[in-house]
Amino acid sequence: MSNTIQAKLQGIRGMPDVLPGEAEFWELFEEAVRSWLKSYGYRPIRMPIVEPTPLFKRAIGEVTDIVEKEMYSFVDSLNGELLTLRPEGTAGCVRAVIQHNLIAQQPQRLYYIGQMFRHERPQKGRYRQFHQVGVEALGFSGPDIDAEMILMGARLWDDLGLEGIKLQLNTLGQPEERARHRAELIAYFEQHQDVLDEDAKRRLHTNPLRILDSKNPAMQPIILGAPKLIDFLGEASLEHFNAVQQVLRDAGLPFEINPRLVRGLDYYNLTVFEWVTDRLGAQGTVCAGGRYDGLIGQLGGKPAPACGFAMGVERLVSLIRDAGGEPLPAGTDVYVVHQGEAAARMAFRVAEGLRDNGVDVVLHCGGGSFKSQMKKADSSGAMFAVIIGDDEVAAGEVSLKPMRDEGDEQKRVKIDDLADAIMNTMLDCDEEEEA
RNA sequence: GCGGCAUUAGCUCAGUCGGUAGAGCACUGGAUUGUGAUUCCAGGUGUCACCGGUUCGAUCCCGGUAUGUCGCCCCA
């Protein structure tokens with residue numbers, strides 16, 4: 001033993017492991033999400049987790065919290081490149097779309113699922129490594145795709161059995177409209193400097209729009225009296241916003257217009273939306289997005305409109321668990337118990353033979369008493385134990401013991417008949433359940 | 001990044017007014033040397049998160065650190 005104190009090896013703060021038991025909920029969620037995306041015609045795309053740092057600075061905005069203080073950036077010591085672990089997915093997706101000319105011929109509906117990284121103080125529902133489902137529709141200009149994306153959300157919450165997720169909607173207008181509003185806003189807040197808190201003063205000339213999102217009670221009166229963006233919107237912007245709302249009303253989807261809804265990333269324009277819940281404490285947003293018509297051009301592509309949103313997987317899985325969702329069953333169909341050398345060899349043949357027939361099998365490994373093997377067969381959740389000992393080997397048979405059905409008795413079955421015997425019993429059970 | 005609270009067995013938690021600790025569940029073995037889930041019996045040496053301070057003595061008091069959690073900030 002050395003005298004050095006060995007630091008306990010542990011994962012990085014804010015980057016939790018997802019263990020069996022919870023991971024099954026993730027798989028349930030991912031399966032539901034993939035089938036939902038397919039039903040809307042979205043296709044998968046996979047980008048690297050690491051991108052050149054300038055990509056995020058240009059896409060997200062230099063003065064955002066993400067770029068200012070939350071990015072995991074580092075120098076690639078082998079060639080001096082400045083790289084960053086992606087803090088969000090849209091920038092990388094757009095980069096890939098530009099690089100491979102994906103929307104040269106036609107618009108694309110794309111999605112990805114994966115981890116993102118932001119150096120924030122961890123909390124429930126907020127982690128330094130977290131996962132998002134990103135959904136992007138590139139090359140679409142009309143309000144129809146915005147509305148469809150919002151309707152998609154409503155369907156997913158329904159598919160997942162989630163209640164109490166509410167829609168908030170806003171429009172940010174076009175850059176020139178925002179610029180005029182911004183100038184008025186700065187002028188207005190400058191007249192009320194004495195009321196502004198430190199954070200607001202800092203933002204006054206960098207990102208005044210976000211002062212509107214402040215929760216500081218002392219500032220609420222002047223925020224309420226501030227120039228409203230909607231008064232600066234032109235005909236086209238208003239029409240776009242109205243058209244989105246019209247589809248939502250036609251679909252009977254309730255929403256709240258929240259003029260203070262300001263997305264944290266700079267690339268948005270026109271429609272922005274958030275799905276929020278009050279069941280997750282301070283982290284209420286489970287899904288958010290909007291239109292980003294300028295981003296593709298801003299990143300060097302041929303200018304094209306686009307719209308997208310992202311969901312927080314940790315937050316949604318947490319909601320699913322709280323709602324009493326059932327994870328995918330972790331059990332197996334058959335657990336093979338065996339005693340003796342000849343039986344062990346036969347057990348492999350039996351197990352593989354069952355798998356050839358589509359039966360899930362756990363083969364007991366690691367020896368142990370017969371009793372302990374039966375206990376493991378029970379706790380595995382298997383419908384059947386297949387028991388192989390000297391008697392069975394000699395007869396070329398196995399003993400098939402139903403573990404869940406009180407009425408059924410253990411019986412001897414020829415190896416060739418085993419798969420059929422199991423399948424027939426399982427089918428009977430399914431029919432009984434359906435009846 | 002700031003503030004509050006927490007951290008004791010694999011899990012959920014008691015407890016020690018400072019004298020190095022317990023329960024339930026789980027797990028393992030046995031009663032039953034080929035039959036689980038029920039029953040009974042047996043099985044705990046756990047750096048009481050880590051580092052330091054006070055003390056004859058610290059799991060307990062104090063300080064720091066780490067991690068979690070709640071809120072702020074921000075966001076998915």
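By convention in this document, chain letters (A, B, ...) are assigned in the order of the sequence lines, proteins followed by strands, and residues within each chain are numbered from 1. Scope of the values below: all heavy atoms of this structure, side chains included, with no hydrogens, waters or symmetry mates.
- Of the two residues near RNA chain B, A/G284 and A/I12, the one whose nearest nucleotide lies more 5' is A/I12.
- By the salt bridge (Lys or Arg N to Asp or Glu O under 4.0 Å) test, A/E256 pairs with no residue at all, sequence neighbours left out.
- Residue A/R404 places none of its side-chain N or O atoms closer than 4.0 Å to OP1 or OP2 of B/A37.
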**OP:** For RNA chain B, produce a single dot-bracket line, 5' to 3'. Pairs: Watson-Crick or G-U wobble, both distances under 3.5 Å. Symbols: ( ) within strand, [ ] crossing, | other strand, . unpaired.
**Re:** (((((((..((((.....[..)))).(((((.......))))).....(((((..]....))))))))))))....

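- B/A76 atom C1' lies 10 Å from atom CE of A/M311, rounded to whole Å.
- A gap of 43 Å separates the C1' atoms of B/A37 and B/A76, to the nearest Å.
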What are the atom names and distances for every N/O pair under 3.5 Å that joins the protein to nucleotides 1-6 of chain B?
from	atom 1	to	atom 2	distance (Å)
B/G1	O6	A/R126	NH2	3.4
B/C2	N4	A/R121	NH1	3.2
B/G3	O6	A/R121	NH2	3.3

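- Proximity of A/M426 to A/D333: side-chain heavy atoms (C-beta onward) are separated by under 4.5 Å at one or more points.
- Regarding A/H364, its NE2 atom lies at a distance of 15 Å from the P atom of B/G36, rounded to whole Å.
- Inter-residue side-chain proximity for A/L156 and A/M311 is flagged as met; some heavy-atom pair is nearer than 4.5 Å.
- Rounded to whole Å, the separation between the C1' atoms of B/U67 and B/A21 comes to 24 Å.
- Annotation: A/L55, atom CG; neighbour count of heavy atoms from other residues, nucleotides and ligands within 6.0 Å is above 12.
- Rounded to an integer number of Å, the gap from CG of A/L261 to P of B/A76 is 10 Å.
- Looking at heavy-atom distances under 4.0 Å, A/S379 makes no contact with the nucleic acid at all.
- In this structure, A/Y40 and A/W36 have perpendicular ring planes: the angle between them is above 60°, well past the 30° mark.
- Mapping A/T285 and A/L280 onto RNA chain B via the closest heavy atom, the residue that lands nearer the 5' end is A/L280.
- Between B/C73 and B/C2, the distance separating the two P atoms is 16 Å to the nearest Å.
- Counting non-hydrogen atoms of other residues, nucleotides and ligands closer than 6.0 Å to CZ of A/F74 gives a total above 12.
- Distance, A/M15 CE to B/G68 C1': 16 Å, rounded to whole Å.
- Atoms CD (A/Q168) and P (B/A76) sit 14 Å apart, rounded to a whole Å.
- Atom CG of A/D378 and atom P of B/U28 are 12 Å apart (whole Å).
- Side-chain contact check for A/Q168 versus A/K166: every heavy-atom pair is 4.5 Å or farther apart.
- Comparing the C1' positions of B/C13 and B/C51 gives a spacing of 27 Å, expressed to the nearest Å.
- Using P as the reference atom, B/G71 and B/A26 are 34 Å apart when rounded to the nearest Å.
- As judged by a 4.0 angstrom heavy-atom cut-off over every strand, A/A377 is placed among residues making no nucleic acid contact.
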Contacts under 3.5 angstrom, residues 411-423 of chain A side chains, donor-acceptor by atom type, not counting sequence neighbours:
from	atom 1	to	atom 2	distance (Å)
A/R412	NE	A/E397	OE1	3.2

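- When the options A/V350, A/L363, A/V393 are evaluated for a side-chain contact (heavy atoms from CB on, under 4.5 Å) with A/H338, the one that passes is A/L363.
- Using atom P as the reference point in both B/U8 and B/G15, the two lie 14 Å apart (nearest Å).
- Within a 6.0 Å sphere centred on CD of A/E163, other residues, nucleotides and ligands contribute 12 heavy atoms or fewer.
- Residues A/E136 and A/Y292 bring a donor and an acceptor atom of their side chains to less than 3.5 Å of each other.
- Residue contacts shown for A/G14 are limited to sugar-phosphate atoms, with no base heavy atom under 4.0 Å away.
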Subject >> Nucleotide-resolved protein contact map, nucleotides 30-35 of chain B, B/S/- at heavy-atom distance under 4.0 Å >> reply: -B--BB

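- Per the geometry, CG belonging to A/L160 stands 19 Å off P belonging to B/A76, to the nearest Å.
- Nucleic acid contact class of A/Y335 (heavy atoms, under 4.0 Å, all strands): none.
- Taking the P atom of each, B/G24 and B/U20 are spaced 23 Å apart, rounded to whole Å.
- Atom pair A/K124:NZ and B/C72:P shows a separation of 15 Å (rounding to whole Å applied).
- Under the side-chain hydrogen bond (donor to acceptor under 3.5 Å, both in side chains) criterion, the residue pairs touching residues 362-372 of chain A are A/Y335-A/H364, A/S369-A/S372, with sequence neighbours excluded.
- When the P atom is used for both B/U35 and B/G43, the distance is 25 Å, rounded to whole Å.
- Residue A/R315 has no polar side-chain atom (N or O) positioned under 4.0 Å from OP1 or OP2 of B/A76.
- Using cut-offs of 30° and 60° for the angle between ring planes, the A/Y72 and A/H119 rings count as tilted.
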